[in-house]
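Each remark here refers to the structure printed beneath this line.
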Protein chains: 2
Amino acid sequence: MRAMNPVATTNPLSRQRRKEARPAELTAAALELFVERGFAATRLDDVAARAGVSKGTLYLYFASKEELFKAVIQQGLLPVLAQGEEMMAQHRGDASTLLRELILRWWALVVNTPLSAIPKLIISESGNFPEVARYFQEQVGSRKDQLLGNVLQKGMQSGEFRQLDIPATIDLISAPILMRVLWRYSLKPCGSGQQDDETYLNTYLDLLLNGLRTKGVRT
Amino acid sequence: MRAMNPVATTNPLSRQRRKEARPAELTAAALELFVERGFAATRLDDVAARAGVSKGTLYLYFASKEELFKAVIQQGLLPVLAQGEEMMAQHRGDASTLLRELILRWWALVVNTPLSAIPKLIISESGNFPEVARYFQEQVGSRKDQLLGNVLQKGMQSGEFRQLDIPATIDLISAPILMRVLWRYSLKPCGSGQQDDETYLNTYLDLLLNGLRTKGVRT
DNA sequence: TACATTACTGACCGGTCAGTCAGTAATGAG
DNA sequence: CTCATTACTGACTGACCGGTCAGTAATGTA
């Protein structure tokens, strides 16, 4: 019953020293609260409390609120991007299939998890926190664009896709996915009726791949 | 030289009484500042100053910051929606042309004007101001969905468009337009290189109409 | 047991801002 | 020219929160 368990949350009164685990616990708590309330509206007191420490402790590990946000981005999204790049490198089939698989992977690992809040936060709060937006764009946005650009290039070269402006098409592919999570966090809580994810995803893939495909080729 | 001109801005020192003109001046000033800084980050002192009055005066005309925002929405977007509904009612040609015209109209009257900031603000700040989001959804969002739904219905009935889930397709049509303005206000200022509007719009219409069109029908 | 190190705490500070209200001055009526 | 009405002002209040730092207590060392 005494002193054997090092987990602070099991005994909120104790002041355990757990240098190793703190950063991950703090970023996890931060992500949760950022999802619930947004970045600017989340108080660092609350982040610290949810992680079972005081605000002072938070400042031992992160120099500022913005640095904490950057750490959340890094821990959350970089691994997913790496997976996507891996898929691209390994793939051998046609571009439609690769594109579909990348989208499904992103949907499963980001859209359907709390990580989906990160792009929402960036878009919402970049005006007041440009440094964070710049970091996101550099670490995540540009890598995602690179990845999609490569797939499109491949499909256009093989004649599978029509010739379209690549940068514009990258954004057009990304838009419905991003909007989906924006909707979830913005309008759904306020009563906007929206269909299920399944239908949305299928209609999106259908419309997109049909739009990209060279005319006259069937299926 | 004296007392003939009732416009406060020409003589900032005078305390003119101009009950009629104040509300419009205040909502105009509010839109400008909301665009520049976002809703939460805009100080009412600044809104009042830009309109040439004091903060106290603002509270004579609007009960709270949120009511001011609602007035901005009403004054800005409701007239544009009315135009769209008018076009729908008048149109006699095919659904593709109608859809294209509606999109071009929205682009010209909203995307390319400061009004484009309003959807951005709603999405960004709805979490902290749900009442405003609800108002927007009710007054603007649902009417826009209704309009697009009617066009799609028309196109699918005539066999011009493929059979797709209508609510999902409405959102998929809206997403690239909304994302475009979100990008402008979020990531562009932070150095995300983006193509020109012309290319984006053309690629969007191309991809969309090609995706919607029944297979085997040309042009 | 004594002492050094350091993870951790939480009261506090300084700055911000939505909303208030007692007072001021422009206007209009008689 | 009064005097009443009311549009307008701006100093003030109370709440909020990012960031600080002097102090506390857990742990390691000998």
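Quantities reported herein were computed from a predicted structural model and do not represent experimental measurements. Residue numbers begin at 1 in each chain, while the letters A, B, ... track the order of the sequences.
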Item to complete: Please assess A:S64 against A:Y59 for the test side chain to side chain donor-acceptor pair (under 3.5 Å), listing each intermediate value before the final yes or no.
Response: CA-CA 7 Å; A:S64 68; A:Y59 275 91; over 6 Å; no
Worksheet item: Between the side-chain atoms of B:R17 and the base atoms of D:dT6, is any donor-acceptor pair under 3.5 Å?
Response: yes
Discussion item. Among D:dG18, C:dT20, D:dA7, which nucleotide has an atom closest to any side-chain atom of A:L44?
Written reply: D:dG18
Fill in: Separation of atom CD in B:Q16 from atom P in C:dT24, rounded to whole Å
20 Å
Discussion item. Using whole Å, what does the distance between atom C1' of nucleotide C:dT20 and atom CZ of B:F62 come to?
Written reply: 18 Å
Discussion item. Quick check: B:F129 with B:F69 (ring centres under 6.0 Å apart)?
Written reply: no
Worksheet item: To the side chain of B:Y59, which of C:dG10, D:dC8, C:dT20 is closest?
Response: C:dT20
Worksheet item: When you measure from the side chain of B:R43, which nucleotide among D:dG10, D:dG18, C:dA18 comes out closest?
Response: C:dA18
Response to the item:
The residue, A:F39 or B:Y61, whose nearest nucleotide of DNA chain D is more 5′ is B:Y61
Discussion item. Under 3.5 Å, is there any donor-acceptor pair linking the side chain of B:K55 to the base of C:dG19?
Written reply: yes
Worksheet item: Is any NZ, NE, NH1 or NH2 atom of the basic residue among B:R143 and B:E138 found under 4.0 Å from an Asp or Glu carboxylate oxygen of the other?
Response: no
Worksheet item: Can a side chain N or O of B:R18 be found less than 4.0 Å away from OP1 or OP2 on D:dC8?
Response: no
Discussion item. Whole angstroms only, please: what is the CD-C1' distance between B:E25 and D:dC8?
Written reply: 14 Å
Worksheet item: B:L26 has an atom CG; how far is it from atom C1' of D:dA7, in whole Å?
Response: 13 Å
Item to complete: Take the protein atom CG of A:L60 and the nucleotide atom P of D:dC21, then report the distance between them rounded to whole Å.
Response: 13 Å
Worksheet item: Which heavy atom in A:S186 sits nearest to a heavy atom in B:A133, and how many Å separate them?
Response: O-CB, 4.5 Å
Worksheet item: Between C:dA7 and A:T57, is there an OP1 or OP2 to side-chain N/O distance shorter than 4.0 Å?
Response: no
